[in-house]
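Worksheet: one structure, shown below.
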Amino acid sequence: MSKKAILVAIILAAIAGFFIWYSAASKTSNGENNKLISKNGIHWHSELSIYIKGEKQEIPANVGIGAIHLPLHTHEADNIIHMEFSRAVRENDIKLSQFFKIWKKRFDSNCIFEFCNGETGKVKMFINGKESGEFENYIMRDNDKIEIKYEPR
Ligand SMILES: [Zn+2]
Ligand SMILES: [Zn+2]
């Protein structure tokens, strides 16, 4: 190869590298992927069931309802998360992590409450019966059945 050809190859590789980096970087930024769900509000419900070693955990009534009525909340201790917005709604507004933040409990791919992946068990998540790897990043949909299980390995 001539020197010129090598130089061209290096430049092309650099350009390709930039585009790979750029597309990876834009995927992690919130703005680009935080899609609009509705312009003028939603009233959706998801059912959330949490099992620790087979035992169903209670989600209390009135999570998110206090001095301020938050868009994500429970009314009864019936495992139903209400998503009630009267404004524009974006995907980040209805991520499962938002509910856990309001509830002040831990949930991610490693832990549910104080139960973490390790010798005693592993966190698993199911959406409408199918295993999911999205964990706290899951964007809830109307009528979803979400199950979080901490089970022995
Ligand atoms: Zn409500
Ligand atoms: Zn409701």
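Indexing begins at 1, ligand by ligand and atom by atom, following the structure's order.
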Query raised in the report: Can you pull the disulfide (SG to SG under 2.5 Å) pairs that have at least one residue in residues 98-133, sequence neighbours excluded?
Result: C111-C116
Query raised in the report: Can you find a side-chain donor-acceptor pair between Y138 and S97 that sits under 3.5 Å?
Result: no
Report summary line: Of all the N, O or S atoms in H73, the one nearest to the Zn ion (ligand 1) is NE2
Query raised in the report: If we ignore angles and hydrogens, is there a donor and acceptor under 3.5 Å between the side chains of H82 and H73?
Result: no
Query raised in the report: Leaving waters out, which protein N, O or S atoms fall under 2.8 Å from the Zn ion (ligand 2)?
Result: H43 NE2, H45 NE2, H82 ND1
Report task. Measure from the side-chain N and O atoms of N40 to the backbone N and O of S86, and report whether any donor-acceptor pair falls under 3.5 Å. Result -> no
N/O donor-acceptor pairs under 3.5 Å from side chains in residues 123-134, not counting sequence neighbours:
{"residue": "N128", "atom": "OD1", "partner": "K145", "partner atom": "N", "Å": "2.8"}
{"residue": "N128", "atom": "ND2", "partner": "D144", "partner atom": "OD1", "Å": "3.1"}
{"residue": "S132", "atom": "OG", "partner": "E134", "partner atom": "N", "Å": "3.0"}

Report task. Please list all pairs passing the salt bridge (charged side-chain N to carboxylate O under 4.0 Å, His left out) test where one or both residues lie in residues 98-123, with sequence neighbours left out. Result -> R106-D108
